[in-house]
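See below for the structure under consideration.
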Amino acid sequence: MNYWLMKSEPDAFSIDDLAKCDDQTEPWDGIRNYQARNFMRDQMKIGDKVLFYHSSCKVPGVAGIAKVVKEAYPDHTSWDQNSKYFDPKSSKEEPRWFMVDIQLERKFESAIALTELKKTAGLESMALLKRGNRLSIQRVSEDEFQIIESMG
DNA sequence: GCCAACGTTGGC
DNA sequence: GCCAACGTTGGC
């Protein structure tokens with residue numbers, strides 16, 4: 001099993017929004033970065049665990065845990081001209097972008113702030129804490145995942 | 001709103 | 001295929 005961290009801006013889609021979805025499940029659409037796409041398309045498997053991270057907000061941090069319930073399939077917003085995620089280079093016949101479905105597993109009572117993560121032993125090598133890392137989907141080690149899960 | 005870091009684009 | 005310019009991300 002793999003462990004991941006996925007960023008979302010809570011103004012756009014928060015963990016509470018996920019909680020309100022049917023089956024608390026939602027496609028993770030709009031990924032337009034090749035490295036992040038490749039993670040989803042090539043490595044994410046059903047049952048993989050996801051740290052749901054809130055970014056670009058007052059208190060950035062991990063808001064809870066979700067899991068992968070559907071493996072990669074084409075992101076239809078990429079050929080929808082009315083979508084903000086529209087990409088003219090992607091088509092139904094030759095999809096360029098993919099998404100997975102995520103289901104909420106547990107929302108933390110209070111989010112674990114980035115500032116807390118930075119102080120926590122064992123997380124020093126997380127990509128999230130490295131300067132300049134902007135990737136919206138990142139791998140997390142099993143140890144790192146369990147440390148954060150136990151904090152929530 | 002600033003700015004560093006990084007990905008993408010496009011001219012050559 | 002190089003690389004400068006530009007756009008985006010995201011913490012602060």
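All values below were derived from every heavy atom in this structure, side-chain atoms included, with hydrogens, water molecules and symmetry-related copies excluded.
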Would you mind reading off the distance between [X] atom [atom1] and [N] atom [atom2], rounded to a whole angstrom?
{"X": "A/Ile137", "N": "B/dC6", "atom1": "CD1", "atom2": "P", "value": "19 Å"}
{"X": "A/Lys130", "N": "C/dT9", "atom1": "NZ", "atom2": "P", "value": "22 Å"}
{"X": "A/Glu9", "N": "C/dT9", "atom1": "CD", "atom2": "P", "value": "7 Å"}
{"X": "A/Leu135", "N": "B/dG7", "atom1": "CG", "atom2": "P", "value": "8 Å"}
{"X": "A/Ile31", "N": "C/dT9", "atom1": "CD1", "atom2": "P", "value": "10 Å"}
{"X": "A/Asn33", "N": "B/dA5", "atom1": "CG", "atom2": "C1'", "value": "14 Å"}
{"X": "A/Arg131", "N": "B/dA4", "atom1": "CZ", "atom2": "P", "value": "8 Å"}
{"X": "A/Gln138", "N": "B/dG7", "atom1": "CD", "atom2": "C1'", "value": "15 Å"}

With rounding to the nearest 0.5 angstrom, report the SG to CG distance, A/Cys57 to A/Leu114.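 A/Cys57 atom SG to A/Leu114 atom CG measures 10.0 Å (nearest 0.5 Å).
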Side chain of A/Lys130, backbone of A/Ser125: donor and acceptor closer than 3.5 Å?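 The answer is yes, because a donor-acceptor pair under 3.5 Å joins these two groups.
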Just by modelled atom types, is the A/Phe13 backbone N or O under 3.5 Å from a matching donor or acceptor in the A/Ser8 side chain? yes
Measure from the side-chain heavy atoms of [X] and tell me the nearest of [options].
{"X": "A/Tyr53", "options": "B/dC6, C/dG11, C/dG10", "result": "C/dG11"}
{"X": "A/Tyr34", "options": "C/dG10, B/dC6, B/dT8", "result": "B/dT8"}
{"X": "A/Ser56", "options": "B/dA4, C/dG10, B/dG7", "result": "C/dG10"}

When you check the side-chain N and O atoms of A/Arg32 and A/Thr77, is any donor under 3.5 Å from an acceptor?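 Distance-only check passes for A/Arg32 and A/Thr77.
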Any donor-acceptor N or O pair under 3.5 Å, side chains A/Gln43, A/Asn2: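 Absent: no donor and acceptor within the cut-off.
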Short of 4.0 Å, heavy atom to strand atom, which residues of residues 113-129 of chain A count as contacting DNA chain C?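 The stretch gives A/Leu114, A/Lys118 as the residues lying under 4.0 Å from the strand, ordered by number.
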For a quick test of reading the model: is some side-chain N or O of A/Lys7 closer than 4.0 Å to OP1 or OP2 of C/dG10?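 Looking at the OP1 and OP2 atoms of C/dG10, one of them is under 4.0 Å from a side-chain N or O of A/Lys7.
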In terms of hydrophobic clusters joined by side-chain contacts under 4.5 Å, are A/Ile147 and A/Phe108 together?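 Per the 4.5 Å side-chain linkage, A/Ile147 and A/Phe108 are co-clustered.
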Tell me which one of A/Tyr34, A/Phe86, A/Tyr85 satisfies ring pair (Phe, Tyr, Trp, His ring centres under 6.0 Å) with A/Trp97.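 Of all the options given, the one that passes is A/Tyr34.
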